[in-house]
Amino acid sequence: MKYGEKEILESKLEPWPNPYPDRNYTIEITFPEFSCLCPRSGYPDYATIKITYIPDQYIVELKSLKLYLNKYRNQYISHEEATNKIYEDLYNLLKPRKLQVIGDWNPRGNVKTIIKVSSEENP
């Protein structure tokens, strides 16, 4: 196993203290090379994952997020499940004031899918 594969396999999302917990500010993160496997066909699916949040006490450490998102590349998971799982894991880790995760999925079979999960719609 190569060192990068080992890092991905062993990775965990890591919270860091928010340097400005008394201030509302927005963090936008884009991960344009997300991939996973279709649970029906096994074909690869590709997406841009967009994460937008207003932190409270914690922010996510970016390398841990990158490794966490790369864990999906060998998982058989639907667009809806992947997007919702990313949202759930980040929300549970950070308890942000506001969070939105968008899975902007590349077309496959001439079908384009965008999945949006937001704390404004999910208390």
Side-chain angles (χ1 to χ4, degrees):
M1 180 178 289
K2 302 205 182 280
Y3 77 90
E5 293 169 314
K6 187 172 190 272
E7 274 191 309
I8 290 167
L9 185 65
E10 296 173 354
S11 71
K12 291 186 169 60
L13 282 172
E14 184 181 339
W16 275 20
N18 179 358
Y20 294 97
D22 297 332
R23 177 182 299 162
N24 278 343
Y25 63 98
T26 302
I27 297 173
E28 296 179 354
I29 301 167
T30 302
F31 190 81
E33 296 179 345
F34 182 86
S35 66
C36 60
L37 300 171
C38 173
R40 183 174 198 149
S41 67
Y43 291 143
D45 281 322
Y46 301 99
T48 296
I49 301 296
K50 299 173 185 172
I51 300 163
T52 304
Y53 70 104
I54 297 174
D56 191 16
Q57 297 303 306
Y58 297 100
I59 58 174
V60 69
E61 194 280 325
L62 292 177
K63 183 176 180 184
S64 77
L65 177 63
K66 175 185 77 170
L67 295 172
Y68 162 82
L69 291 171
N70 274 302
K71 272 187 177 181
Y72 283 88
R73 69 180 179 190
N74 294 323
Q75 290 185 36
Y76 297 97
I77 190 168
S78 69
H79 299 173
E80 297 81 4
E81 186 178 359
T83 307
N84 276 279
K85 177 90 170 93
I86 294 164
Y87 170 88
E88 184 177 281
D89 289 348
L90 286 170
Y91 192 86
N92 290 336
L93 179 78
L94 303 175
K95 304 285 192 272
R97 295 179 186 146
K98 182 179 175 185
L99 173 65
Q100 181 178 55
V101 176
I102 299 172
D104 187 351
W105 296 84
N106 292 4
R108 193 152 62 84
N110 203 29
V111 176
K112 168 89 172 142
T113 307
I114 298 174
I115 312 293
K116 296 179 184 179
V117 187
S118 172
S119 59
E120 291 181 343
E121 293 144 8
N122 298 289

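The residues of the chain are indexed from 1 along the displayed sequence. Hydrogens, waters and symmetry mates play no part in the numbers below; they use all other heavy atoms, side chains included.
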For this session: Flag yes if more than 12 heavy atoms outside Y25 fall under 6.0 Å of its OH atom; otherwise flag no.
Result: yes
For this session: Kindly check if the number of other-residue, nucleotide or ligand heavy atoms within 6.0 Å of CD (E33) is above 12?
Result: no
Problem set entry | Enclosure of K71 NZ (heavy-atom neighbours >12, cutoff 6.0 Å) | yes
Seminar exercise, completed: Here the gap from S78 atom OG to I115 atom CD1, rounded to the nearest 0.5 Å, amounts to 8.0 Å
Exercise. For atom NZ of K112, is the number of surrounding heavy atoms from other residues, nucleotides or ligands below 6.0 Å larger than 12?
Worked result: yes
For this session: Apply side chain to side chain contact (heavy atoms under 4.5 Å, CB included) to the pair N106 and F34, showing each step before the final yes or no.
Result: CA-CA 10 Å; N106 292 4; F34 182 86; over 6 Å; no
Exercise. L69 and I29: same hydrophobic cluster, using ILVMFWY side-chain contacts below 4.5 Å?
Worked result: yes
Exercise. Between OH of Y91 and OH of Y53, what distance do you get to the nearest 0.5 Å?
Worked result: 14.0 Å
Exercise. If you measure only the distance, is there a donor-acceptor pair under 3.5 Å linking the side chains of D45 and Y72?
Worked result: no
Exercise. Would K63 and E14 pass as an ion pair if we require N to O under 4.0 Å?
Worked result: no
Problem set entry | K116 NZ: over 12 foreign heavy atoms closer than 6.0 Å | no
For this session: Drop me the distance from L37's CG to Y76's OH, to the nearest 0.5 angstrom.
Result: 5.5 Å
Problem set entry | Salt bridge present between K98 and E120 (N-O < 4.0 angstrom) | yes
Problem set entry | Same cluster (ILVMFWY, side-chain, under 4.5 Å), Y68 and V101 | yes
Exercise. So does Y58 have more than 12 non-hydrogen atoms from other groups sitting under 6.0 Å from OH?
Worked result: no
